[in-house]
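Computed from heavy atoms alone, side chains included, the values below leave out hydrogens, waters and symmetry copies.
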Amino acid sequence: MAKSPAWQRAEGKSPKGGLNAKGRASYNAANPGKPGLKPPAPNPSTEKDAKRRKSFCARSAGQMKMFPKAAKDPKSRLRLARKAWNC
């Protein structure tokens, strides 16, 4: 049986939340028609990165409402990703 892509397994996930470089590369390779994933921008240096951060924080705030169990757990993937983005 074939292995699932790295972005779906623990080796592609960052312990600090989100995907690590290997996970992003795996996702980008599996989805060639899409623009690709970029690393988090917790301290944006450009206006474009600032908009990415604002958008991510808004989307993940909605997820906090949809998944209250994950919102309460400080070690959930959602909370860790928000922390990595300084949300």
Side-chain angles (χ1 to χ4, degrees):
M1 186 170 177
K3 276 185 158 181
S4 58
W7 63 277
Q8 294 178 343
R9 298 190 313 265
E11 68 185 60
K13 296 179 182 178
S14 171
K16 296 179 182 177
L19 297 176
N20 59 23
K22 184 174 184 176
R24 286 191 303 273
S26 170
Y27 179 86
N28 292 338
N31 299 291
K34 295 189 178 182
L37 296 177
K38 297 177 184 171
N43 302 309
S45 57
T46 65
E47 186 175 334
K48 193 171 186 179
D49 280 346
K51 289 180 181 180
R52 281 181 55 226
R53 180 180 170 275
K54 184 177 179 181
S55 176
F56 175 82
C57 291
R59 286 193 318 270
S60 61
Q63 291 176 343
M64 296 276 280
K65 292 178 185 175
M66 289 173 48
F67 304 103
K69 188 175 178 182
K72 292 177 185 172
D73 179 14
K75 294 186 179 183
S76 70
R77 305 279 314 154
L78 175 60
R79 291 278 300 270
L80 292 172
R82 285 181 57 84
K83 186 177 180 183
W85 280 78
N86 287 341
C87 293

Name all residues meeting the side-chain contact (heavy atoms from CB on, under 4.5 Å) criterion together with Leu80; count only those two or more places apart in sequence or in a different chain, and write none if there are none. none
What pairs with Asn86 under side-chain hydrogen bond (donor to acceptor under 3.5 Å, both in side chains), at least two apart in sequence or on another chain? Asn43
For [X] and [Y], which heavy atoms make the closest approach, and how far apart are they?
| X | Y | value |
| --- | --- | --- |
| Cys87 | Ser60 | SG-OG, 4.4 Å |
| Lys16 | Ala84 | O-CB, 4.0 Å |
| Lys72 | Pro74 | O-CD, 3.3 Å |
| Asp73 | Arg79 | O-CG, 3.2 Å |
| Gly18 | Ala81 | N-CB, 4.1 Å |

Is there side-chain contact between Met64 and Leu78, with heavy atoms separated by less than 4.5 Å? yes
From [X] [atom1] over to [Y] [atom2], what is the distance, rounded to the nearest 0.5 angstrom?
| X | Y | atom1 | atom2 | answer |
| --- | --- | --- | --- | --- |
| Ser26 | Gln8 | OG | CD | 7.5 Å |
| Ser14 | Arg24 | OG | CZ | 8.5 Å |
| Leu19 | Trp7 | CG | CH2 | 8.0 Å |

Mind telling me whether Phe56 and Trp85 have parallel, tilted or perpendicular rings, with 30° and 60° as the class edges? parallel
Show every salt bridge (charged side-chain N to carboxylate O under 4.0 Å, His left out) that has at least one partner inside residues 27-54, sequence neighbours left out. Glu47-Lys51, Asp49-Arg52
So does Lys13 have more than 12 non-hydrogen atoms from other groups sitting under 6.0 Å from NZ? yes
Taking Gly36's backbone N and O only, do any of them form a donor-acceptor pair with Asn31's side chain (distance below 3.5 Å, no angle check)? no
